[in-house]
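Right, one structure below, let's go through it.
Ligands are counted one by one from 1 in listed order, and the atoms in each one are counted from 1 as well. Below, all heavy atoms of this structure are taken into account, side chains as well, without hydrogens, waters or symmetry copies. Everything numeric in this text was worked out from a predicted model, so none of it was measured.
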Amino acid sequence: MTEEQIREKVKAELSPKRFRHVEGVVHTADRLARIHGANPDHARLAAWIHDFCREWPKEKLVQMAKNSNIHEMFFEVTELLHGHIAAAIAPQEFGITDEDVLNASRYHTSGRRNMSLLEKVVYLADALEPGREYPAVEELRKVAEEDLNMALALSFDNTIEYLIKRRHPIFPLTVQARNEIWRVVKDGRVV
Ligand SMILES: Nc1ncnc2c1ncn2[C@@H]1O[C@H](COP(=O)(O)OP(=O)(O)O)[C@@H](O)[C@H]1O
């Protein structure tokens, strides 16, 4: 499928507001990929598909997850399932089979340890696209242009603080990802 065909298919699946968000993520993912040396074509593809299933009913996502070999840990927080289901159906729906692209969709909401460059780009693009509005977002946008790992560490902290304030569960992969990336940032290591 061409990128334009994927765009039209995604557009048909989402509310106008959510589709504008996706367009923002595509734009930001493309830009961050170019700055940091990731593949911009792959970044845009992952960004196009990441929220394809975002408006599906929870019951449908859970049912599909049960049929798709998705680890039951991801059922703990059902808001995390849509990226995994999008990745599971992407080969058939869009002809996308690149594992890195599919993982960027799978982990775009939670993050995980040892994220690839592409996964980091798409995670941050989702958090920082022009339609996002929260107190730290302007500062995070600036940091993301210069230091992807620092932006990721700050973004995990921001999400975790947000979830704690709302008495919401924190997905364990996010805590693991947060602990690891701060170690990387403090050691000055490049991963
Ligand atoms: N790491 C996490 N652990 C648990 N819940 C989370 C986590 N990240 C996000 N959520 C929940 O998922 C919801 C959707 O998050 P959001 O970042 O808007 O995802 P997306 O861009 O994939 O739609 C949030 O409102 C929050 O309730």
Enumerate the pairs of nitrogen or oxygen atoms, one from ligand 1 and one from the protein, separated by less than 3.5 angstrom; state names and distance to 0.1 Å.
residue  : atom   : partner : partner atom : Å
ligand 1 : 1 (N)  : T174    : OG1          : 2.7
ligand 1 : 3 (N)  : F171    : N            : 3.0
ligand 1 : 21 (O) : D126    : OD1          : 3.1
ligand 1 : 21 (O) : D126    : OD2          : 2.8
ligand 1 : 21 (O) : R132    : NH2          : 3.1
ligand 1 : 22 (O) : H82     : NE2          : 2.8
ligand 1 : 22 (O) : H108    : NE2          : 2.7
ligand 1 : 22 (O) : T109    : OG1          : 2.9
ligand 1 : 23 (O) : R54     : NE           : 2.4
ligand 1 : 23 (O) : R54     : NH2          : 3.3
ligand 1 : 27 (O) : H168    : NE2          : 3.2

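The backbone N or O of A46 lies less than 3.5 Å from no partner atom in the side chain of S105, so there is not a single donor-acceptor pair.
Atom CE of M115 is separated from atom NZ of K120 by 7.5 Å, given to the nearest 0.5 angstrom.
For the residue pair H27 / E129, no side-chain donor-acceptor distance below 3.5 Å is found, with atom types taken as modelled. One side chain, S15 or E55, offers a donor N or O that lies under 3.5 Å from an acceptor on the other.
The only member of V184, I181, V121 that meets side-chain contact (heavy atoms from CB on, under 4.5 Å) when paired with L152 is I181.
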| said: For a salt bridge (charged side-chain N to carboxylate O under 4.0 Å, His left out) check, start with the C-alpha distance between R7 and E23, then their side-chain angles and the critical distance, and finish with the verdict. | reply: CA-CA 9 Å; R7 179 185 185 277; E23 286 185 309; 2.8 Å; yes
